[in-house]
There are 2 protein chains.
Amino acid sequence: MTSVEEPARPNGRIRDAARTKAEILDVATREFARAGYDGARVDEIAARTRTTKRMIYYYFGGKEQLFTAVLERAYGVIREAEQGLDVEHLDPVAAIRRLAELTFDHHEAHPDFIRLVSIENIHGAEHIAASEKLGRIGSPALDVIRRILASGRESGLFTADVDAVDLHAMISSFCFFRVANRHTFGALFGRDLVDPAQREHYRSMLGDMVIAYLTADRAPR
Amino acid sequence: MTSVEEPARPNGRIRDAARTKAEILDVATREFARAGYDGARVDEIAARTRTTKRMIYYYFGGKEQLFTAVLERAYGVIREAEQGLDVEHLDPVAAIRRLAELTFDHHEAHPDFIRLVSIENIHGAEHIAASEKLGRIGSPALDVIRRILASGRESGLFTADVDAVDLHAMISSFCFFRVANRHTFGALFGRDLVDPAQREHYRSMLGDMVIAYLTADRAPR
DNA sequence: CCGTTAATGTACGAACCAGTACGTTAGCTA
DNA sequence: TAGCTAACGTACTGGTTCGTACATTAACGG
């Protein structure tokens with residue numbers, strides 16, 4: 001999460017714009033994820049940084065723009081993770097499974113990001129729409145999926161007409177739901193979907209599901 | 001959504017507790033779904049009813065309890081819908097597909113409910129925890145799934161070890177994500193998952209996915 | 001037809017909270 | 001080392017918003 005580290009020089013200098021901005025973003029991410037957009041308190045964010053509320057307005061302009069900046073950085077992190085995706089050397093089945101597992105892992109490792117996405121959806125994605133960085137940003141994983149699907153189709157392993165965006169949605173659904181709805185699901189069904197003991201179970205369940213879908217003969221009605 | 005109808009008697013009487021309560025719940029559902037818990041305004045809810053804010057506190061006690069009451073009713077609606085589930089006469093494959101489709105339809109028909117669930121998760125399901133009606137309520141659909149899975153296993157159609165709660169989570173994931181993340185997904189990928197023209201596409205995609213998972217020979221790694 | 005109570009309306013207060021006016025200082029540059 | 005500006009801090013305000021004190025009336029039971 002690009003967390004703020006102590007500066008290289010022994011004793012921290014008093015003034016460091018980049019560092020102050022990063023610290024505000026760190027704290028704001030947690031606060032927004034904790035309480036939602038309207039539940040988050042600018043004063044609370046300020047109090048948890050080593051600077052003051054004034055700086056939030058100085059650097060970001062306002063609560064709204066701060067939230068947008070938080071979103072931009074969070075999406076940046078997942079983009080970076082997906083950039084480093086290297087599965088092209090695997091056979092299509094193994095490659096898809098690997099991709100699904102990486103998505104699974106990223107969702108689990110970044111619950112704050114999931115919450116931010118939930119919050120942004122409550123507000124109709126208006127901050128993404130207002131952001132220059134985030135419009136139609138897509139996802140690096142999409143290109144990977146496209147290539148794997150193509151090669152899987154060629155070799156006759158996969159059913160012909162599966163769309164890359166749809167498959168991405170399918171994989172994301174499972175990973176997202178498990179983290180996002182952890183609390184209501186747990187309260188209603190008495191089962192913690194993010195229980196570490198069940199991690200491998202759900203991880204392979206996702207892979208099995210996707211592979212089964214891609215390799216099934218689409219006959220049985 | 002148990003919407004409020006005009007009373008039977010020709011001219012509405014001034015005082016009607018049940019009706020006032022129901023109207024408050026209707027409006028509150030929309031307002032909470034629109035803006036989230038903290039974003040929702042009690043004054044706004046009051047303004048949109050034919051009564052006053054005083055009544056909200058009179059009947060529900062406060063904003064927090066009002067939200068809980070809204071959740072309770074929303075969950076009640078889906079329970080009712082699932083009660084009327086009649087798929088036992090179908091063969092296991094058709095029965096599961098039908099169940100998945102009904103879940104799909106209910107999610108699509110009740111976006112406000114989906115939003116309320118998202119909001120409740122942002123707040124750690126604390127209202128469900130505080131509610132007597134909603135603790136470990138489960139879901140009628142679960143029993144149906146259990147029975148279908150058992151008969152599917154017996155007849156050798158389904159792979160042995162699939163858990164009913166897990167399957168319910170799998171089906172819900174897809175349905176939930178499509179509605180809940182409609183806005184961010186649309187903004188980032190330029191595809192509207194709830195586009196009516198794509199409805200049948202995603203509906204059958206869900207069914208195919210679930211059936212493929214249940215009927216796959218769990219060998220190919 | 002009268003009393004009782006559930007139901008309703010009005011007006012207000014107190015706390016909270018996003019945002020800002022104004023003042024100060026660190027640190028670079030010439 | 002003087003001067004300039006980016007970076008920072010303090011204190012406050014104006015509007016908002018949940019909640020309530022107090023007043024009132026409808027409708028039913030006896």
Side-chain angles (χ1 to χ4, degrees), chain A residues 4 6-32 34-71 119 123 126-127 130, chain B residues 4 7-32 34-70 119 123 126-127 130:
Chain A
V4 174
E6 291 306 314
R9 36 194 116 186
N11 210 335
R13 14 128 89 153
I14 313 287
R15 305 203 160 188
D16 187 335
R19 182 224 151 87
T20 300
K21 277 171 86 166
E23 189 177 359
I24 291 173
L25 281 177
D26 279 346
V27 175
T29 298
R30 267 176 269 141
E31 174 69 0
F32 280 121
R34 179 187 69 79
Y37 177 79
D38 289 287
R41 298 288 161 245
V42 176
D43 282 301
E44 184 64 24
I45 295 170
R48 292 190 189 279
T49 58
R50 261 168 291 180
T51 182
T52 65
K53 185 164 58 158
R54 178 71 183 77
M55 287 299 97
I56 293 175
Y57 289 88
Y58 183 67
Y59 284 121
F60 298 96
K63 189 181 183 181
E64 206 100 21
Q65 295 100 306
L66 175 61
F67 183 73
T68 303
V70 164
L71 270 185
I119 292 161
H123 295 89
E126 60 181 17
H127 302 95
Chain B
V4 174
R9 37 193 113 184
N11 210 335
R13 16 129 88 153
I14 312 286
R15 307 205 159 185
D16 186 335
R19 186 228 149 85
T20 301
K21 276 172 87 165
E23 188 177 2
I24 292 173
L25 281 178
D26 278 346
V27 175
T29 298
R30 268 177 269 142
E31 173 69 1
F32 280 122
R34 180 188 69 81
Y37 178 77
D38 289 287
R41 297 288 162 246
V42 177
D43 282 301
E44 184 64 25
I45 295 171
R48 293 188 189 279
T49 58
R50 260 168 292 180
T51 181
T52 64
K53 185 165 58 157
R54 177 71 184 77
M55 287 299 96
I56 293 175
Y57 288 88
Y58 182 69
Y59 283 121
F60 298 96
K63 189 181 182 181
E64 207 98 22
Q65 295 102 303
L66 175 60
F67 183 72
T68 303
V70 164
I119 292 162
H123 295 90
E126 60 182 15
H127 303 94

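These numbers come from a predicted model, not from an experiment. Order of the sequence lines sets the chain letters (A, B, ...), proteins ahead of strands, with each chain counted from 1.
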Handout entry: Axial cation check for B:Tyr58 ring with B:Lys53, 6.0 Å and 45° limits
Key = no
Handout entry: Within 45° cone and under 6.0 Å: B:Lys63 NZ/CZ vs B:Tyr37 ring
Key =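 Yes, a cation-pi geometry holds between B:Lys63 and B:Tyr37.
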Without decimals, in angstroms, what is the distance between [X] [atom1] and [N] [atom2]?
X       : N      : atom1 : atom2 : result
A:Glu23 : D:dC8  : CD    : P     : 10 Å
A:Arg50 : D:dA7  : CZ    : P     : 17 Å
B:Tyr58 : D:dA26 : OH    : C1'   : 12 Å
B:Phe60 : C:dA7  : CZ    : C1'   : 14 Å
A:Gln65 : C:dA18 : CD    : C1'   : 12 Å
B:Ile24 : C:dA7  : CD1   : C1'   : 11 Å
B:Ile56 : D:dG19 : CD1   : C1'   : 11 Å
A:Leu66 : C:dG19 : CG    : P     : 10 Å

Problem - Pair assignment for DNA chain C - dot-bracket with | for other-strand partners, Watson-Crick or G-U under 3.5 Å - result: ||||||||||||||||||||||||||||||
Practice task
Would you indicate which nucleotide in D:dG9, D:dA7, D:dA21 comes nearest to any side-chain atom of B:Arg54?
Solution key: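 Looking only at heavy atoms from C-beta outward on B:Arg54, the closest nucleotide is D:dA21.
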Practice task
Just call it for B:Thr52: base, sugar-phosphate, or nothing, with non-hydrogen atoms closer than 4.0 Å on any strand.
Solution key: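 B:Thr52: base contact, heavy atoms under 4.0 Å.
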Exercise for the section: Would you indicate what B:Tyr59 reaches in the nucleic acid, counting non-hydrogen atoms under 4.0 angstrom: base, sugar-phosphate, or nothing? Expected result: sugar-phosphate
Practice task
Kindly determine whether A:Ile45 and A:Leu66 satisfy side-chain contact (heavy atoms from CB on, under 4.5 Å), including the steps that lead there.
Solution key: CA-CA 11 Å; A:Ile45 295 170; A:Leu66 175 61; 4.0 Å; yes
Exercise for the section: Tell me whether the centres of the aromatic rings in B:Phe67 and B:His123 are closer together than 6.0 Å. Expected result: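 Ring centres of B:His123 and B:Phe67 not closer than 6.0 Å.
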Handout entry: Heavy-atom protein contacts under 4.0 Å, nucleotides 13-18 of chain D, coded B base, S sugar-phosphate only, - none
Key = ----SB
Problem - Side chain proximity check, B:Thr52 to B:Met55, heavy atoms < 4.5 angstrom - result: yes
Problem - 4.5 Å side-chain heavy-atom contact, A:Phe60 and A:Thr68 - result: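 No; the side chains remain at least 4.5 Å from each other.
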Practice task
Answer yes or no: is there a donor N or O on one side and an acceptor on the other, between the side chain of A:Glu31 and the main chain of A:Arg41, under 3.5 Å?
Solution key: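 Yes, A:Glu31 side chain to A:Arg41 backbone: donor-acceptor pair under 3.5 Å.
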Completion exercise
Heavy atoms of B:Ala35 and B:Ala40 approach each other most closely as CB-N, 3.7 Å
Handout entry: Shortest non-hydrogen contact from A:Arg48 toward A:Glu23
Key =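 The answer is O-OE2, 4.4 Å.
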Practice task
Look at the side-chain N and O atoms of B:Thr51 and state whether any lies under 4.0 Å from the OP1 or OP2 oxygen of C:dG9.
Solution key: yes
